[in-house]
Amino acid sequence: MLLKFEPSFKYNPFFLKISVFLLLYLFFTIQLCAQADSESAFSDKTTWQLFKYDIGNVFKGVGHSYTRHLHWEGKQWGTFGTIVAGTGLLYVFDEQTSEFIRRQQLGIPRFIRDYGTKYGSPQYNYMLTGGVYLTGLFTKDEKLRRTGVLLIASASSAGLLQQVTKSVVGRARPVSNKGKDTFDPFNSSRKFHSFPSGHTILAFTNAYAIAKQFKSPWLKGGIYAIGLVPGVSRLWDGEHWLSDVALGVAISIFTVESIDRYLDRKYDEKYNDQQQEKKISWNLNIGPGQVGLVGRF
């Protein structure tokens, strides 16, 4: 009798992507652990006590982000006005920029497009943020715990805001072929959930929060660039207009900064003092045949 054995393992692209994702995650957490200070006011707390404290700060941080505008002063309102004006200006050129960017799709490597589509999804987002937080919780590493709280709270706050805004605004996506000026509020079809970009918000919220852990402006810029890929991929796919993506980036920055300032009062680890040493200034450049976001440091 002839016995024939065949390997039961079959190539699965999904598990390959998960493996790569976990390797990157482990690298990231190891880097943060290497930078963390072992002394903490929470070192004598149990894991359950730390968990309750952190979850409370997640909810309070989300609430703080929604009420922060009540405390804005002239400078903050000026920045808000600039963002509104910039979004409006991009809106004027949405159809031209969408046509141009969508034509570039075939020249983009497939793995980059796949990364952009998957990474901005909620399940991948919370896989990363939850992993960072749980690592910090079980190792009692305050820096990782705070980072996890900032990631989870920021993604939850900005994510809920974009879901509500999408429904209320009801803007048609480019793939609907209805034009940039088509709005149908409270339409349940996802074809009318374009403004703002949810993938952009989740991905850039993570990137902006993670970049706060590092001082190097070059490293920050690299993290920002990776965080922008999901937003750009939505432009390639015709799922969003440029103004949708631009507003998504702005919402991410406002949300992370607001919650981060709140967490300054709750944890010994603070990142805001580091931000004063070197800052990156963002400028939007618009000209004939080009639209660009330039960071100077």
Side-chain angles (χ1 to χ4, degrees), residues 17 19-38 40 108-109 111-112 114-116 118-120 124-136 139 141-155 158 199-233 245-246 248-261 263-264 267-285 292-297:
K17 293 172 184 176
S19 300
V20 173
F21 179 89
L22 291 175
L23 286 174
L24 291 174
Y25 159 68
L26 288 173
F27 173 79
F28 167 67
T29 53
I30 289 172
Q31 292 300 312
L32 282 183
C33 286
Q35 298 177 26
D37 185 356
S38 60
S40 171
I108 306 301
F111 77 92
I112 294 180
D114 289 343
Y115 161 78
K118 296 288 180 63
Y119 180 64
Y124 277 76
N125 171 78
Y126 285 106
M127 185 188 300
L128 170 65
T129 58
V132 171
Y133 172 69
L134 290 176
T135 301
T139 60
D141 186 310
E142 184 184 342
K143 186 169 186 178
L144 274 178
R145 282 177 45 236
R146 180 196 162 117
T147 301
V149 170
L150 178 60
L151 287 166
I152 295 172
S154 298
H199 275 67
T200 300
I201 287 176
L202 288 180
F204 198 75
T205 293
N206 285 348
Y208 195 77
I210 291 172
K212 277 182 166 290
Q213 323 308 314
F214 306 97
K215 295 182 179 181
S216 169
W218 297 101
L219 185 54
K220 286 178 179 289
I223 295 173
Y224 294 152
I226 294 174
L228 286 172
V229 171
V232 177
S233 74
V245 172
V249 171
I251 290 175
S252 296
I253 295 174
F254 267 86
T255 302
V256 173
E257 287 293 344
S258 173
I259 295 177
D260 191 33
R261 296 287 176 177
L263 296 180
D264 278 347
Y267 296 88
D268 294 334
E269 288 285 349
K270 295 177 174 59
Y271 311 132
N272 290 306
D273 293 339
Q274 299 177 7
Q275 309 306 311
Q276 304 303 320
E277 298 178 14
K278 293 182 180 179
K279 293 184 177 180
I280 298 179
S281 60
W282 297 95
N283 298 284
L284 182 66
N285 290 347
L293 186 65
V294 179
R296 292 188 173 87
F297 44 83

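Worth saying up front: this structure is predicted, and the values here are computed from it rather than measured.
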Determine whether [X] and [Y] make a side-chain contact, defined as any pair of heavy atoms from C-beta on separated by less than 4.5 Å.
X: T147; Y: K212; value: no
X: L263; Y: V149; value: yes
X: Y208; Y: V249; value: no

Interatomic distance, [X] atom [atom1] to [Y] atom [atom2] [nearest 0.5 angstrom]:
X: L202; Y: L128; atom1: CG; atom2: CG; answer: 11.0 Å
X: K143; Y: Y267; atom1: NZ; atom2: OH; answer: 15.0 Å
X: T255; Y: L150; atom1: OG1; atom2: CG; answer: 10.5 Å
X: S233; Y: L228; atom1: OG; atom2: CG; answer: 11.0 Å
X: S154; Y: E257; atom1: OG; atom2: CD; answer: 9.5 Å

Which atom pair, heavy atoms only, marks the closest approach of [X] to [Y]?
X: T200; Y: G248; value: CG2-C, 4.1 Å
X: P230; Y: I226; value: CD-O, 3.5 Å
X: T205; Y: A158; value: OG1-CB, 4.2 Å
X: G148; Y: Y133; value: CA-CB, 3.8 Å
X: A207; Y: G227; value: CB-CA, 3.6 Å

field: Worked verdict on F204 versus I251 for side chain to side chain contact (heavy atoms under 4.5 Å, CB included)
entry: CA-CA 9 Å; F204 198 75; I251 290 175; over 6 Å; no
field: side-chain contact (heavy atoms from CB on, under 4.5 Å) partner of R146, the single match among L151, D268, D260
entry: D260
field: Option from I223, V256, T129 for which side-chain contact (heavy atoms from CB on, under 4.5 Å) with N206 holds
entry: T129
message: With a 3.5 Å distance limit and no angle check, can you tell me whether K220 reaches the backbone of K215 through a side-chain donor-acceptor pair?
response: no
message: Going by the rule ring pair (Phe, Tyr, Trp, His ring centres under 6.0 Å), which residues pair with F254 if we only count those two or more places apart in sequence or in a different chain?
response: W72
- request: Begin from the C-alpha positions of L144 and V132 and carry the test side chain to side chain contact (heavy atoms under 4.5 Å, CB included) through to its verdict.
  value: CA-CA 6 Å; L144 274 178; V132 171; 4.0 Å; yes
